[in-house]
Amino acid sequence: MFAYGAFSNPLKSVKSLPVSPIGKFGFNNEYALQMVTHLIQNGQLPDFLYVYFPDLDQKIHKKGPSDLDGVIRTDHQLKTLLQAFGSPEEALEKAVIIIMGDNGMAHVHPKNRQPVIDLGQILNGYRILRQGGAVTNQTELILAINDRMAYLYKLTSQYSFEQISEVLKADPRIDILAWKDDDWIRVVRSGSSKKFAYRSQGDTVDPYHQPWTLAEDPEVLDLQINTQKNTVDYGHYPDVLRRLSAALHSHHGEYMVVTAKPGYELKYGSSPTHIGGAGHGGISQAESLVPLMIAGTDHKPESLRVVDLKSYFLQILKG
C-alpha cells in the first residue's frame, strides 16, 4: 500500500485526514499516525510497513538539536501507535517494532557567526551555471547543493580539481574536499596542507570488513591506523571511506564532494539555509549517527549501519 497525503489517500472514503495546504497536503506526523492506526485496528497490517514521521526533521532544522518540543510530541505519537494494538506489550507480541532516525543534525551557528558559505562567491572567478540557466560551451562549473554537502561538477579541462580545491580551502568554514583520480580518491581538508588518497581493495581492513589501500596522511579523515594488525578505525567521520567512495561512484561525470565544518552550511543562489537551527547532508558524527530502537525480536543486526539493515529486515521477515 502506498499513502502519500493528498496525492495518494487510500482512506479517502473512510475517514478525514489532515491533507489541507496547512497540513502540507498530508506530509505530516498526524497523517502517518492515523493511516497506520487504521491498518492496525482493522487487522490490515502488511508483512512489512514503513512509516515516516516528518515533523521532527522540520522542527530541528528550524530551532536546532537542543529543541525538545518536537521530540516529546513525536514520542507521544509513537505511544499512540503502540496503544492501537491494545497496549505496548501487545504490540511487541504481534509485531517487530523498529524506530530509527533517517539522519542526524549538526547545529548551524547564528547569523553573527557567518554560518552560510556561499560557494558562488568563493568561486566567482569561474563561470558557474546559474540556477534555471542552460549549460553552454562557456560553462565551467555546476553546483548542486544539499545543505552541508555539495557536488561540484567540472565541465572544463582548463582547471584541475587540485586548483579548485586550493580556492575552496582558503575559506576556513569548508571541511572536506574529495574527488576521483582514476582508481584513487583524493582528499584534502581546509586549514591543512596535508593530503590523503585511497582506493578500494587492499591489505587494510576497516571495522565493517571492507578492504582498502591507503596512501599519504590518514589524519585528513581522522583515521586511526594499526600497522601491526593492518586495520583502520574511524574517528570524526563514521564509515567515511565507504561513504565518500559511494558518493563519488554514484553517477557519471567529473565532480568533487564539498562538505562544511560543523556550525556551517553551503549555499548557492536560492538554496535553503537554517541559520541558528540545524542541518545535515555531510559526513560528520553529528549528522551521521542516528538512534535505533528494536523491540519484539531477539535478532540483532550484524552491524549498526543503515546500509546493512536491508538484510536484517529480510532475516526477520523470513523468521
Side-chain angles (χ1 to χ4, degrees), residues 2-9 17-37 48-82 97-111 115-117 144-151 175 237-239 243 246-247 250 259-268 270-294 304-307 309-310 313:
F2 173 75
Y4 194 80
F7 299 100
S8 177
N9 182 1
L17 294 174
V19 294
S20 68
I22 295 176
K24 298 187 177 180
F25 299 100
F27 193 65
N28 58 71
N29 283 14
E30 190 60 32
Y31 178 94
L33 178 62
Q34 289 196 39
M35 182 67 69
V36 70
T37 298
F48 178 84
L49 182 65
Y50 177 93
V51 184
Y52 181 53
F53 285 68
D55 294 359
L56 186 58
D57 181 80
Q58 299 160 18
K59 287 182 177 294
I60 294 182
H61 266 308
K62 184 177 181 179
K63 296 186 177 181
S66 61
D67 182 74
L68 295 180
D69 289 345
V71 176
I72 294 170
R73 179 175 172 79
T74 301
D75 184 67
H76 288 161
Q77 290 170 326
L78 291 171
K79 181 179 179 180
T80 300
L81 188 156
L82 295 177
I97 309 292
I98 299 173
I99 302 171
M100 65 176 293
D102 62 344
N103 57 259
M105 285 282 192
H107 174 70
V108 177
H109 291 314
K111 186 176 181 179
V116 178
I117 307 168
I145 310 294
N146 180 29
D147 204 348
R148 292 185 16 82
M149 170 270 185
Y151 282 126
D175 194 15
Y237 309 104
D239 198 21
R243 295 166 69 200
S250 60
T259 70
K261 288 180 179 174
Y264 303 95
E265 58 186 354
L266 304 172
K267 178 183 185 295
Y268 177 62
S270 60
S271 56
T273 58
H274 310 91
I275 296 172
H280 54 82
I283 55 176
S284 70
Q285 283 185 346
E287 57 211 314
S288 303
L289 303 182
V290 300
L292 172 64
M293 292 175 277
I294 302 172
L304 296 178
R305 296 189 305 174
V306 175
V307 71
L309 289 179
K310 176 184 175 182
F313 294 158

Which heavy atom in A32 sits nearest to a heavy atom in V51, and how many Å separate them? CB-CG1, 3.9 Å

On a heavy-atom basis, which atom in G263 and which in P115 lie closest, and how many Å separate them? O-CB, 3.6 Å

Side-chain donor/acceptor pairs under 3.5 Å, residues 69-82, sequence neighbours excluded:
{"unit_1": "T74", "atom_1": "OG1", "unit_2": "G70", "atom_2": "O", "d": "2.9"}
{"unit_1": "Q77", "atom_1": "OE1", "unit_2": "N29", "atom_2": "ND2", "d": "2.8"}
{"unit_1": "T80", "atom_1": "OG1", "unit_2": "H76", "atom_2": "O", "d": "3.1"}

Below 3.5 Å, can you tabulate the donor-acceptor pairs from side chains in residues 280-292 to any protein atom, sequence neighbours excluded?
{"unit_1": "H280", "atom_1": "NE2", "unit_2": "H61", "atom_2": "NE2", "d": "3.2"}
{"unit_1": "S284", "atom_1": "OG", "unit_2": "E287", "atom_2": "OE2", "d": "2.5"}
{"unit_1": "Q285", "atom_1": "NE2", "unit_2": "G235", "atom_2": "O", "d": "2.9"}
{"unit_1": "E287", "atom_1": "OE1", "unit_2": "R148", "atom_2": "NE", "d": "2.8"}
{"unit_1": "E287", "atom_1": "OE1", "unit_2": "G281", "atom_2": "N", "d": "3.4"}
{"unit_1": "E287", "atom_1": "OE1", "unit_2": "G282", "atom_2": "N", "d": "2.9"}
{"unit_1": "E287", "atom_1": "OE2", "unit_2": "R148", "atom_2": "NE", "d": "3.3"}
{"unit_1": "E287", "atom_1": "OE2", "unit_2": "R148", "atom_2": "NH2", "d": "2.6"}
{"unit_1": "E287", "atom_1": "OE2", "unit_2": "S284", "atom_2": "N", "d": "3.3"}
{"unit_1": "S288", "atom_1": "OG", "unit_2": "R243", "atom_2": "NH1", "d": "3.0"}
{"unit_1": "S288", "atom_1": "OG", "unit_2": "R243", "atom_2": "NH2", "d": "3.0"}
{"unit_1": "S288", "atom_1": "OG", "unit_2": "I283", "atom_2": "O", "d": "3.4"}
{"unit_1": "S288", "atom_1": "OG", "unit_2": "S284", "atom_2": "O", "d": "2.5"}

Rounded to the nearest 0.5 Å, the CZ atom of F48 sits from the CD1 atom of I98 at a distance of 7.5 Å

Quick check: closest heavy atoms across I275 and K111, and the distance to 0.1 Å? CG2-N, 3.4 Å

Heavy-atom count check: over 12 atoms from other residues, nucleotides or ligands less than 6.0 Å from K59 NZ? no

Euclidean distance, I117 CD1 relative to K267 NZ, rounded to 0.5 Å: 12.5 Å

Chi angles and distances behind the side chain to side chain contact (heavy atoms under 4.5 Å, CB included) call for V108, T273: CA-CA 9 Å; V108 177; T273 58; over 6 Å; no

What are the two closest non-hydrogen atoms of P65 and G277, and how far apart are they? CD-O, 4.2 Å

Scanning both residues in full, the closest heavy-atom pair of P18 with N28 reads O-ND2, 3.1 Å

Mind checking whether H107 and H109 have parallel, tilted or perpendicular rings, split at 30° and 60°? perpendicular

Can you tell me how far the CD1 atom of I60 sits from the CG atom of D55, to the nearest 0.5 Å? 11.0 Å

Residues in ring-ring contact (aromatic ring centres under 6.0 Å, His included) with Y31, at least two apart? none

Residue that, paired with L266, satisfies side chain to side chain contact (heavy atoms under 4.5 Å, CB included) out of N146, T259, I145, D147: I145

Main chain of Q34, side chain of T37: is a donor-acceptor contact present, judged purely on distance under 3.5 Å? no

